[in-house]
Amino acid sequence: MRIDRASLADLARGAAFLGSGGGGDPYYGLLLAEAAFERTGGFELISPSDLADDALVAPCGWIGAPTVSVEKLPNGGETVAGLRRLEQIMGRKIDAVLPVEIGGGNGLAPFIAAAELGVPVVDCDGMGRAFPESQMVIFNVRGVSACPSVLTAACGSLAVIETDNNQTHERIARGLSVALGGIAHMVEYPLTGAQAKHQSIPGSVSAAIAIGAAIRNARAERRDPFDALAAALRATGLYPHCLTLFDGKITDLERETRGGFSIGKVVIDGFGGGGHMEVLFQNENLVAKLNGEVRAMVPDLITIMDRETADTITTERLKYGQRVKVIAASAPSMLREPAALALMGPGAFGFDPHFTPIETLNKIEGA
């Protein structure tokens, strides 16, 4: 599948939704990807099944606090520098790249690298959304090592991480990202083609493009973009349930950058006395409570969107007075498996470890 310029914009829009509030605002990533498109004429998106079993596939993305990315721009060369160093370490050329997480700006990161390296992007990722910590990937659940891993920063600094513990890798990488100004690019979890086929979440890139296109087309045709979003999510097969949890105005916001994360909560008051919703976040939205009762929890997706345009509002761009809708979508089934929930379920963030799907919490018919 050839990715044209219109598909890039759709990808940015869809990846923003799948970020569940995190992954970084895709605006700057889209600008860099569009510039790469102008230089190279496009990108090739391939299915994992198209990979040779012995191919070298490199997942990549950004690590750090999204709040920092609003003011600290990339230099545009971080991704390629990290991938070139990985090639030196592995002693061979990279055959393809993929987003370590499809959510937010990270969904676009590999396209910039693909253009410069002349390799395709694989239609899969490691999360099916975005998570705040690097070990929260299906690759880790399936026993793949994060290392060798390469961190690069806008200042030109580069660091190689080598450890046999993926949790330790996250701690080292997080500390380095803070030391390098709060955000850095990271190449991690190098895969064989066989691993990319069987130990990733397939179809997530094309799903993001389809979601973005559905919203764009609905707005152009003056249809309800939220209805179009729900239909597109169901059609992907990865996100079978979707609903609007709340509709209101942001009346309170607490947010701080701490330990390499953007942490806080947002309070939304419903229109016409419709109660209030509180959404807790750590880079990504983690739990949504309606009048104190949980209505959605990680790993299911919780995304805050402009109620008029259906544009996703990432956690670093939340503001008092915004009129929003809170949308929930079911996570890919691989993320709901017990081994995955132990790493990226509510218990991993200090909440009650018992996970309840949105279709159960909200009594969705037919679920």
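Everything quoted here is computed from the prediction, not taken from an experiment.
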Flag, side chain of [X] to backbone of [Y], donor-acceptor distance under 3.5 Å:
| X | Y | result |
| --- | --- | --- |
| Thr303 | Phe17 | yes |
| Asp50 | Ser47 | yes |
| Gln322 | Arg317 | yes |
| Tyr239 | Gly128 | yes |
| Ser200 | Ala196 | yes |
| Asp300 | Ser330 | no |
| Asn106 | Gly61 | no |
| Glu170 | Ser134 | yes |
| Ser204 | Asp125 | yes |
| Asn140 | Gln135 | yes |

Report the C-alpha distance between Lys93 and Arg84 in whole Å, list the side-chain angles of each, state the deciding distance to 0.1 Å, and finish with yes or no for side-chain contact (heavy atoms from CB on, under 4.5 Å). CA-CA 8 Å; Lys93 293 291 186 181; Arg84 291 299 188 200; 3.9 Å; yes
When you compare the side chain of [Y] with that of [X], does any pair of heavy atoms fall below 4.5 Å?
| X | Y | result |
| --- | --- | --- |
| Pro99 | Val205 | yes |
| Val294 | Met297 | yes |
| Val121 | Ile46 | no |
| Leu245 | Leu290 | no |
| Ile211 | Arg13 | no |
| Val80 | Leu117 | yes |
| Lys289 | His276 | no |
| Ile250 | Leu318 | yes |

Verify the cluster assignment for [X] and [Y]: are they in a single hydrophobic cluster under the rule of side-chain heavy atoms below 4.5 Å apart?
| X | Y | value |
| --- | --- | --- |
| Met305 | Leu301 | yes |
| Met136 | Leu176 | no |
| Leu32 | Tyr27 | no |
| Phe261 | Met344 | no |
| Met90 | Ile94 | yes |

Least distance between heavy atoms, [X] atom then [Y] atom:
| X | Y | result |
| --- | --- | --- |
| Arg174 | Pro132 | NH2-O, 2.6 Å |
| Leu108 | Ala33 | CD2-CB, 4.4 Å |
| Ala36 | Ala115 | CB-CB, 3.7 Å |
| Ala214 | Ala228 | O-CB, 3.6 Å |
| Lys197 | Ser49 | CE-O, 4.1 Å |
| Asn291 | Gly275 | OD1-CA, 3.3 Å |

What distance do [X] atom [atom1] and [Y] atom [atom2] have between them, rounded to the nearest 0.5 Å?
| X | Y | atom1 | atom2 | value |
| --- | --- | --- | --- | --- |
| Ile112 | Phe37 | CD1 | CZ | 14.0 Å |
| Asp25 | Thr312 | CG | OG1 | 9.5 Å |
| Leu98 | Ile201 | CG | CD1 | 11.0 Å |
| Leu286 | Lys265 | CG | NZ | 14.0 Å |
| Leu11 | Ser206 | CG | OG | 10.0 Å |
| Arg216 | Ile209 | CZ | CD1 | 11.0 Å |

Enclosure of [X] [atom1] (heavy-atom neighbours >12, cutoff 6.0 Å):
| X | atom1 | value |
| --- | --- | --- |
| Phe351 | CZ | yes |
| Arg258 | CZ | no |
| Asp164 | CG | no |

Cationic tip of Lys249 above Phe271 ring, under 6.0 Å, 45° of axis: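 No.
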Can a donor-acceptor pair be found between the side chains of [X] and [Y] at a distance below 3.5 Å?
| X | Y | result |
| --- | --- | --- |
| Asn283 | Ser262 | no |
| Asn165 | Thr163 | no |
| Asn285 | Ser20 | no |

NZ/NE/NH1/NH2 to OD/OE distance under 4.0 Å, [X] and [Y]:
| X | Y | result |
| --- | --- | --- |
| Arg5 | Glu34 | yes |
| Glu308 | Arg219 | no |
| Lys325 | Asp306 | no |
| Glu284 | Arg129 | no |

Asn166: which of Cys147, Ser149, Ser145 passes side-chain contact (heavy atoms from CB on, under 4.5 Å):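 With Asn166 as partner, Cys147, Ser149, Ser145 yield a single side-chain contact (heavy atoms from CB on, under 4.5 Å), made by Ser145.
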Can you spot which of Thr192, Leu56, Val57 makes a side-chain contact (heavy atoms from CB on, under 4.5 Å) with Leu51?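 Passing option: Val57.
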Go through Cys60 and Met186 one step at a time and tell me if the side-chain contact (heavy atoms from CB on, under 4.5 Å) criterion holds. CA-CA 6 Å; Cys60 57; Met186 184 158 64; over 6 Å; no
Start with the C-alpha distance between Glu44 and Arg2, add both sets of side-chain angles, then the distance that settles side-chain contact (heavy atoms from CB on, under 4.5 Å), and finish with yes or no. CA-CA 5 Å; Glu44 192 70 26; Arg2 195 70 177 169; 3.4 Å; yes
Run Asp10 and Ser7 through side chain to side chain donor-acceptor pair (under 3.5 Å) and show every step you take. CA-CA 5 Å; Asp10 290 337; Ser7 296; 5.1 Å; no
After noting the C-alpha distance and the side-chain angles of Leu158 and Val150, does the key distance pass the side-chain contact (heavy atoms from CB on, under 4.5 Å) rule? CA-CA 7 Å; Leu158 182 149; Val150 185; 3.8 Å; yes
Ring-plane angle category for Phe139 and Tyr189, please: parallel below 30°, perpendicular beyond 60°, tilted otherwise. tilted
